[in-house]
Amino acid sequence: MKTNIARIWTLMLFLSAFGLPSMAQLVMPVDFMRYNPRNVYANPSFYTSDLGYFDLAVGGITFNLQNIGLKYDNFFVFNEQGKPVILDLNKGVESLKKDNYINTFTNVDILAFGFRARHGFFTFSHRFREKETFHYNKQALEFLVKGNASFMGPQNPAKVDFGIAVKAYQEFNFGYQMCLTERLNLGARVKLLMGYADVQSSAIQLQLLTDPQTYAMTVTGDVGVRAALPYEVSMQHGDFSVGDSRFDLTNLFRNYGAGIDLGAEYQINDEFGVAAALNDVGLIHWNNNAVKFKGGIENGGSLYHDGAFVFSGLTSDQIDDIIDDPGAFFENMMDSLGGYYDLSSEPSAYFSGLNSTVMLRGYYDCTPHHRFSAQWTGYESGIGLRSAVTLAYTGSFLNRFDVVTTYTMMSGSYLNLGLGLSANLNGFLLYAGTNNVFGFVNPANSSNISVQMGIAYTAGGKTDRKERLVMR
């Protein structure tokens with residue numbers, strides 16, 4: 001037993017050594033359930049013990065919000081009773097990390113079913129998926145709060161960097177898993193994709209140089225954004241226009257793409273096993289209302305100098321205008337600034353990749369009904385690679401119930417304790433889970449809030465891999 005425990009911790013440390021550069025894609029307790037056919041979405045090779053399953057509309061719903069940076073408590077000063085009394089923006093800015101981001105992920109299974117054939121298990125699902133990532137560096141918010149005078153010395157010039165990646169699409173997937181040998185499972189899932197909306201920023205970066213003598217501010221930078229929306233949008237020299245924005249059902253069936261998931265699971269012996277999966281490898285071709293936005297500093301008047309926008313402060317007349325009518329002043333100022341930054345769009349079809357995921361897992365079955373797992377997950381977010389390490393316990397009872405607890409370590413978020421429950425009651429499978437129970441206790445200060453739930457109908461008695469091989 002001591003030798004087995006030592007092997008477990010060696011495996012955990014090995015997975016941890018991959019590092020935690022930033023936050024990972026959603027890792028849920030459902031992924032570790034053994035009597036829930038939904039675990040195949042984590043790895044298409046995971047063995048499904050049922051003869052079949054079916055769900056419709058409410059079969060699977062997942063939502064996740066990840067917030068690294070903005071925390072409610074960091075922007076207020078509290079009294080002895082714990083009530084906020086002072087808004088402290090400087091305190092909030094100082095609490096930010098060098099790079100911060102907000103992620104959301106939503107998945108709704110519209111229709112899903114699976115059935116066992118003689119040599120394997122077939123699956124199908126129709127899903128709507130949405131993913132958003134917005135990242136910003138500390139200096140972006142620091143500049144808004146403190147102004148450019150705070151960026152003197154080694155911080156001059158200030159570097160404002162932010163970006164966005166949004167993707168919404170339908171997925172029709174067809175999967176197959178098989179027991180190749182008594183110990184080896186293989187699985188694959190091919191996908192037909194139909195994109196609904198996409199926004200990708202390739203570069204939104206500004207440099208703000210402050211003259212140490214006059215405090216005059218010089219701004220240089222570029223913007224590069226591609227977008228494909230359900231309705232037509234365009235911009236010419238700063239003038240933005242939107243076409244007919246009424247919902248059209250045909251917009252759901254455009255912008256075609258394809259993808260694939262691959263997985264393998266190998267049981268080393270009766271106690272230890274390993275698994276690996278590569279999910280969401282694919283492309284979508286965005287050609288419906290697809291545009292490319294680009295722009296840079298232009299000669300819009302007296303504030304333009306040598307390819308840069310130079311602002312030396314307000315004149316006494318401008319200060320008087322602010323006092324007399326601040327609303328009119330700032331409206332005119334924004335119109336004037338628009339002349340210095342020429343942002344335009346042009347039709348441009350493009351390809352964008354899915355947010356691919358790599359999963360590596362090792363597990364130890366101390367008994368047939370109790371499993372300990374360690375998993376590393378790497379996730380391409382659209383603006384960078386992110387990863388996480390998860391430790392999990394799965395208890396499976398009476399061929400009907402799964403109880404899962406997880407602990408996930410992510411950069412900037414190290415207290416993620418998950419809980420998942422699954423019950424098969426006379427063929428009706430009910431399940432729910434979250435990868436961070438603390439997110440519901442204090443959501444305003446949580447880095448991670450998630451929920452996954454669903455209902456499905458399962459058919460037939462359960463079999464293990466050895467029984468299935470005999471039946472072949």
> Under the side chain to side chain donor-acceptor pair (under 3.5 Å) criterion, do Ser125 and Asp109 qualify, and how do the steps go?
Replying inline: CA-CA 7 Å; Ser125 71; Asp109 280 13; 5.2 Å; no

> So do the side chains of Arg226 and Trp286 get within less than 4.5 Å of each other, counting heavy atoms only?
Replying inline: no

> Should Thr123 and Phe174 count as side-chain neighbours, where that means a heavy-atom distance under 4.5 Å?
Replying inline: no

> In terms of the angle between their ring planes, are Tyr393 and His370 parallel, tilted or perpendicular, with boundaries placed at 30° and 60°?
Replying inline: parallel

> CD1 of Ile110 to CD of Gln170: how many Å apart, nearest 0.5 Å?
Replying inline: 6.0 Å

>> Are the side chains of Ser396 and Arg34 in contact, using a 4.5 Å heavy-atom criterion?
In response: yes

> Under the 6.0 Å and 45° cation-pi test, does Arg189 pair with Phe124?
Replying inline: no

> Side chains of Arg127 and Tyr169: does their closest heavy-atom pair fall under 4.5 Å?
Replying inline: no

> Considering residues, nucleotides and ligands other than Phe428, do more than 12 of their heavy atoms fall under 6.0 Å from its CZ?
Replying inline: no

> Is it true that a side-chain atom of Asn445 and a backbone atom of Asp73 form a donor plus acceptor pair closer than 3.5 Å?
Replying inline: yes

> Given Tyr364 and Phe372, is the ring-ring contact (aromatic ring centres under 6.0 Å, His included) satisfied, shown in steps?
Replying inline: CA-CA 5 Å; Tyr364 166 65; Phe372 294 90; 7.0 Å; no

> With under 30° as parallel and over 60° as perpendicular, where do the rings of Phe128 and Tyr196 fit, or are they tilted in between?
Replying inline: perpendicular

>> Can you confirm whether Val358 sits close enough to Trp376 that some side-chain heavy atom of one is under 4.5 Å from a side-chain heavy atom of the other?
In response: yes

> Do Glu171 and Asp280 touch side chain to side chain, with heavy atoms closer than 4.5 Å?
Replying inline: yes

> Hey, which of Asn448, Thr406, Thr408 is the one that makes side-chain hydrogen bond (donor to acceptor under 3.5 Å, both in side chains) with Asn416?
Replying inline: Asn448

> How many angstroms lie between atom CG of Asn39 and atom OH of Tyr431, to the nearest 0.5 angstrom?
Replying inline: 11.0 Å

> So, is the end of the Arg183 side chain (NZ or CZ) under 6.0 Å from the ring centre of Tyr266 and within 45° of the ring's axis?
Replying inline: no

> Can you tell me how far the CG atom of Asp88 sits from the CZ atom of Phe75, to the nearest 0.5 Å?
Replying inline: 9.5 Å

> Does Ser422 use its side chain to pair, donor to acceptor, with the backbone of Asn36 at less than 3.5 Å?
Replying inline: no

>> Walk me through whether Asn103 and Thr133 qualify under side chain to side chain donor-acceptor pair (under 3.5 Å).
In response: CA-CA 4 Å; Asn103 295 340; Thr133 298; 3.1 Å; yes

> Hey, what do you get for CG (Leu180) to CD (Glu265), rounding to the nearest 0.5 Å?
Replying inline: 13.0 Å

> Parallel under 30°, tilted from 30 to 60°, perpendicular over 60°: which one fits the rings of Tyr72 and Phe76?
Replying inline: tilted

> Considering only heavy atoms from C-beta outward, does the side chain of Ser95 approach that of Lys71 to under 4.5 Å?
Replying inline: no

> Mind checking whether Ser447 and Gln66 have side chains closer than 4.5 Å, heavy atoms only?
Replying inline: no

